[in-house]
Every structure is written in structure tokens, then in C-alpha cells.
Amino acid sequence: MTATHSSRMLILGSGPAGLTAAIYAARAGLAPIVVQGIQPGGQLTITTDVENYPGFADVIQGPWLMEQMQKQAEHVGARMEWDHIAEVDLSERPFRMKGDGGNLYLGDTLVIATGAQAKWLNLPSEERLKGKGVSACATCDGFFYRGKKVVVIGGGNTAVEEALYMTNHSHDVTLIHRRDSLRAEKILQERLFAHPNIKVLWNREIAEFVAGGEPETLVAADLRDTETGTIERIDLEGAFVAIGHSPATELFRGHLDLDADGYIPVEPGTARTAIPGVFACGDVMDKIYRQAVTAAGTGCMAALDAEKFLAEADFEAKAEAVMQDA
Ligand code: FAD
Ligand code: NAP
């Protein structure tokens, strides 16, 4: 049986952006519904140490932080729905959304906090070997590569953190980066370069992963030198693709303006999108900072902007009713 859920504020996504929006909206008496999606808690649930979320002198764990945010949101009155939205209709208010199982969600306002998803290299061999040696999450799958030779692909914070994390499981970790310098923060770079079990291969990209054995698993990779184009094969047993994330906005294509990279544009200094009553926050609208704390900050902005929008809409509706009565 399918159900219909209505709310003054519907929030899609339960990462730091969505849950912060929920905390503010609930405290404003708007009884928000948070549709959690297939990754309740968002991207931080697939990492371990979080050292840069303010308020904690000790290193905290990503999944723990997200549990706390969810509890705080529920404590002040937000409702969580474990569902994934598959269809949207933003042509009129209340906005209508349909979940995978057919449940209907109606929102007088909508806060989009659907975050981002891991990018892949898009090689045929990668597709074939996903889950058989190729992964996009060291903190999720690293344990399976205990004592094995692994590589991490990428040059940002995620790649460096994943390489460092993999040293908990392996003594032979190689970071492969397509250029000759990393974009990761200096403090992470210093830890990486100082680690005795990590080496870096500069100016290399994966030409193809190589399968072997029965059942087939990853056994090697052909690396292309990005300067000379030459290919060399290296043996390995695990590969973690850590080349960034794309905004989770496919759902909104054709319903809401997206920029060239698929992000949702907002009016500068606000969380307002091009559709009145629809707001966006977190990684889905932020291609620059993409941090838990900025996601939380813009989540707060989205809830406050939505609250103001509702107050103005209510005022206009009342004024219109008075005019009609007169
Ligand atoms: P996300 O956390 O991506 O959450 C998106 C939410 O939307 C999820 O709950 C998902 O289920 C939901 N969703 C998606 N599609 C739908 C749909 N169709 N219907 C319903 N729900 C949907 N930042 C830091 O500040 N410090 C760190 O140490 C740090 N470490 C990181 C480590 C890793 C490995 C990664 C990948 C990121 C890290 N980040 C870190 C970045 C940080 O995690 C993100 O900036 C932050 O999570 C973004 O929050 P968000 O709420 O915008 O989106
Ligand atoms: P990112 O910063 O966008 O870095 C992606 C890396 O992958 C870049 O080095 C890029 O190379 C490389 N790359 C992209 N496409 C590639 C391809 N097709 N083939 C080979 N390499 C490719 O992504 P991220 O590291 O996932 O970080 C995303 C955001 O989350 C950032 O804002 C980051 O600060 C944040 N984050 C923060 C923390 C933390 O604070 N501790 C931890 C993790 C993530 P180029 O450098 O050549 O472009």
C-alpha cells in the first residue's frame, strides 16, 4: 500500500545540509519531513576520522557525527522517511515527489540537499571489476584488502585520506595521480609523503584495469604516462577510485535549471533556486567548498529562506482572502 506524506517543508537528503535544514525548520514549527535517500547520513558515513568539524577537540568519526545530527533533528521534531525520490513535479505548489515504492510526498516548500556521488573513470574494465577489486570507497571496502597491494587514484583530499586509511590494512599502497602535484590540503600531503608504506606515481592514469583468475578479479592495471603516452603494467589486487564527486541532480534535469557541471544554481547569498519555494543547499549547489560545515551552513540558510518564503506566502494568502471578503 502506498502512502501520501504532506509537509510545510520537504527535505530531500539526510547529509549535513539536509539534517541542519531539518533542525532549523523543526525549531521553527514547520514539522519537516526528511526523505533520507539510499545513503542515510550522506557522504560522511563512508569516512572515518573527521578533524575539521568545529566543536570537537578529539577526532570524531563521520558516521557518529551523522548519527548525532539525525538524533538532534528528530529530537526537535523532524520526521525521517527512509525512501529515495524517483520523480518530481515542481510545476506548482505543493511540489510533488514520488518515492521508489510509489509513496507520494507533498511539500509547500522543497529543500534539495541530495549532495553528491562518487565519480568513476568510466572504463569498461572498471565497470566489469566493480566489487571484484575496484571500489570507490576505501573506508567501506578497505578491510577486504588486508595485506594486499592496492592503489588509490586521484590527487584531492579524498584520495590522500583513502591512501592514508589503506595503510591500516596494507603495507603496499600507491597513489596514482595524473599530474605532478596534488590538490589535497598541505597537512594531508605532508602525512602522505611522510608515510613509509605509501608511494606516489606522478603523471599516470589508468588506461585499463586487468582481470585474471577464476572467478575473475582485479590482478593488474595498465598505466598510461600522461606526458609520454607510454603504457606500463603494474600488479595489484585492489584499486580505489577517488577522483571526486558529481552532484546528485539527474532527478531535477528538465524541472530545474542546472549549470554546465550539473550543480543547482542559487541566487548569490541565499539558498533560493530559480523556482520560488524550492531551495538548495550543500554539495548539490556548492562546487567550491564541499565541506560538512559549509553544507550544514547552507542547510541553515535554506531552512531560514524557506521559512521566510512561507511566512510571506501565508501573508499574501490572508491579504487576498480579506480582499475577497470585503
Ligand atoms: P551528502 O552528504 O552527499 O548527502 C546527500 C544525501 O542526499 C544523502 O543522504 C542521500 O541519501 C540523499 N539523496 C540523494 N539522492 C536522493 C534522492 N533522489 N532522494 C532522497 N534522498 C536523496 N568534509 C569535511 O568537512 N570533513 C571531512 O573530513 C570530510 N571527509 C570526507 C571524506 C570522504 C570520503 C568524502 C566522500 C567526503 C568528505 N567530506 C568531508 C565532504 C563532506 O562529506 C560533504 O561535503 C558533505 O557530506 C556534503 O553534505 P550534503 O548534505 O550536501 O550531501
Ligand atoms: P576533488 O578535490 O575534486 O579532487 C579530485 C581529484 O581527482 C583531483 O586531483 C583530480 O585531478 C582527479 N581526477 C578527476 N578526474 C579524474 C580522472 N578522470 N582521472 C584521473 N584523475 C582524475 O575531489 P575530492 O578529493 O573527492 O574532494 C571533494 C571535496 O570534498 C573537496 O572540496 C574536498 O576538500 C572535500 N573533502 C574534504 C576532506 C577533508 O576536509 N578532510 C576530505 C575529503 C574530501 P586534478 O587535480 O588533475 O584535477
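Whatever order the structure lists ligands and atoms in, that order sets their numbers, starting from 1.
At a 4.0 Å cut-off, not a single heavy atom of E205 sits close enough to ligand 2 to count as contact. Contact annotation: L44 has at least one heavy atom less than 4.0 Å from an atom of ligand 1. Ligand 2 lies within reach of H177, whose nearest heavy atom is under 4.0 Å from it.
Close N/O approach between G155 and ligand 2 is found [any backbone or side-chain N/O within under 3.5 Å]. Residue Q43 has at least one N or O atom closer than 3.5 Å to an N or O atom of ligand 1. In terms of polar-atom proximity, defined here as any N/O pair under 3.5 Å, Q39 does make such a contact with ligand 1.
Contacts between I206 and ligand 2 below 4.0 angstrom, taking non-hydrogen atoms only, are absent altogether. Counting heavy atoms closer than 4.0 Å to ligand 1, residue E51 contributes nothing at all. With a heavy-atom cut-off of 4.0 Å, R183 touches ligand 2 through its side chain alone. The residue E51 has no part lying near ligand 2, judged by heavy-atom distances below 4.0 Å. Counting heavy atoms closer than 4.0 Å to ligand 2, residue V50 contributes nothing at all.
Of all heavy-atom pairs between G77 and A26, the closest is C-CB, 3.9 Å.
A donor-acceptor pair under 3.5 Å is absent between the side-chain atoms of Q189 and the main chain of I187, judged by distance alone.
Using a 4.0 Å cut-off to heavy atoms of S14, the atoms of ligand 1 that qualify are 6 (C), 8 (C), 9 (O). Proximity to G115 (heavy-atom distance under 4.0 Å) selects the following atoms of ligand 1: 1 (P), 3 (O), 5 (C), 52 (O), 53 (O). Within ligand 2, the atoms closer than 4.0 Å to a non-hydrogen atom of N52 are 39 (C), 40 (O), 41 (N), numbered from 1 in the order shown.
With ring centers used as reference points, Y105 lies 6.0 Å or more from F95.
Compare A292, G299, A136 by their heavy atoms: the one nearest to atom 24 (C) of ligand 1 is in A292. With D286, D283, I11 as candidates, the residue nearest to atom 44 (C) of ligand 1 on a non-hydrogen basis is D283.
The closest side-chain heavy-atom distance from T294 to Q291 is below 4.5 Å.
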